[in-house]
Amino acid sequence: MKLLMTAVLTAIVTSCTPMQNEKTEVSNTVNKTWELVSLDGQQVNATLPVYITLDGNNKVSGKTGCNTLTGNYSITNGTQIRFSQLASSRMMCAPADMNIEKDVLDVLNTADNFTLSDGKLMLNVGRRAPLAVFAEMSTNPVLNKYWKLTVLDGKPVTMEAAQEREAHFILRSDGSLSGFGGCNGFSGSYELKDNNRIIFNENMAVTMRACTELKMDERAYLNVFHNADSYTLNGDTLHLKKGNSALAVFEAVYF
């Protein structure tokens, strides 16, 4: 009887061990900074990257579109997640960014489980399609910065009174880019290669506004992304180049 009881206990411990290891492994893999890619299946084009950091002490922090976020999270049964005691700063930003922020906070207050797949974190409720999809945020210093155009074809660029905002672009962790050309917004994709090479997909989407009052040559700016094949980075200054020739110069802006 004593021998039988020992065998049973050994079987129980052995059967439980993989489940415990799996839970620990899943918990550890979410302890990263995650950049928002999509909400309810729609790509997100916020002015600045939206992200959350899940640390090993069950704390969440990040940027939700306009404001900074802090709070707690807990994981149970491997993939069940709950966010609690969420608090954020009280800045006001552009309406589009405030709408994104509202949706992100709704997701964090609603999500009850998560999925990890191909470097993506999906926050879900029940068995529905993901409420939000996040990609692991890159630490490459070229990415996730607001690059303001300062020089185009060797000539200084200043923002005109009629512009909504300055010409700029952002490279995101998932290989997408977005920006503003002075009159129109644009979006597309890019690929970084060895030796500071960069390839922009020539099929960029551009809005179709006409801004006849602007002096800036928006087409020349957009052509930078068609022609650039490399870059150099010196601190907060970025040069997009074709061969050895600088096409445009950008400065990082921090908000």
Smallest separation among heavy atoms of V30 and L116, with atom names: CG1-CD1, 3.9 Å
Non-hydrogen atoms of D112 and G126 that approach each other most closely: OD1-N, 3.0 Å
Passing candidate, ring-ring contact (aromatic ring centres under 6.0 Å, His included) with F225, options Y190, Y231, F186: F186
Exceeds 12 heavy-atom contacts within 6.0 angstrom, atom NZ of K148: no
N/O donor-acceptor pair under 3.5 Å between D229 side chain and G243 backbone: yes
Shortest non-hydrogen separation from E35 to Y51 and the atoms involved: CA-CB, 4.0 Å
Short side-chain to backbone donor-acceptor contact, Y254 and Y146, under 3.5 Å: no
Backbone of V249 reached by a side-chain donor or acceptor of T150 within 3.5 Å: yes
Least distance between heavy atoms, Y221 atom then A167 atom: CE2-CB, 4.1 Å
From CA spacing to verdict: side chain to side chain contact (heavy atoms under 4.5 Å, CB included), K241, L247: CA-CA 5 Å; K241 306 170 69 175; L247 303 176; 5.7 Å; no
Closest approach of K193 to I199 (non-hydrogen atoms, all atoms of both residues): CE-CG1, 3.9 Å
CD (E213) with more than 12 external heavy atoms under 6.0 Å: yes
Any F169 side-chain heavy atom under 4.5 Å of L238 side chain: yes
Co-membership, hydrophobic cluster, residues L86 and L123, 4.5 Å side-chain: yes
Steps toward side chain to side chain contact (heavy atoms under 4.5 Å, CB included) verdict (K145, I170): CA-CA 6 Å; K145 289 183 179 177; I170 298 174; over 6 Å; no
E136 vs T33, side-chain hydrogen bond (donor to acceptor under 3.5 Å, both in side chains): CA-CA, chis, key distance, verdict: CA-CA 6 Å; E136 185 176 348; T33 297; over 6 Å; no
ILVMFWY cluster, L69 and I100 together (side-chain gap under 4.5 Å): yes
T68 backbone acceptor or donor facing S89 side chain under 3.5 Å: yes
Steps toward side chain to side chain contact (heavy atoms under 4.5 Å, CB included) verdict (F83, V107): CA-CA 10 Å; F83 295 92; V107 167; over 6 Å; no
Shortest non-hydrogen contact between L177 and M204, atoms and distance: CD1-SD, 4.3 Å
Linked, directly or transitively: F134 and L39 (ILVMFWY side chains, under 4.5 Å): yes
Flag side-chain contact, heavy atom, 4.5 Å: L233 against P141: yes
Side-chain donor/acceptor of S176 to backbone N/O of R172, under 3.5 Å: no
Side chain N58, main chain Y73, donor-acceptor under 3.5 Å: yes
Any donor-acceptor pair under 3.5 Å from W34 side chain to M122 backbone: no
Under 3.5 Å donor-acceptor, N201 side chain and N203 backbone: yes
Exam field: side chain N140 to backbone V142, donor-acceptor pair closer than 3.5 Å: yes
D106 side chain to N109 backbone, donor-acceptor under 3.5 Å: no
R209 with E218: basic N within carboxylate O range, under 4.0 Å: no
Residues N144 and S173: side-chain donor-acceptor under 3.5 angstrom: yes
Connected via hydrophobic side-chain network under 4.5 Å: M98 and I52: no
Non-hydrogen side-chain atoms of K59 and T70 separated by less than 4.5 Å: no
Same apolar cluster (I L V M F W Y, side chains within < 4.5 Å links), F180/L149: no
L192 side chain near L143 side chain, heavy-atom distance below 4.5 Å: yes
Evaluation steps, side chain to side chain contact (heavy atoms under 4.5 Å, CB included), between D103 and D40: CA-CA 9 Å; D103 290 341; D40 285 330; over 6 Å; no
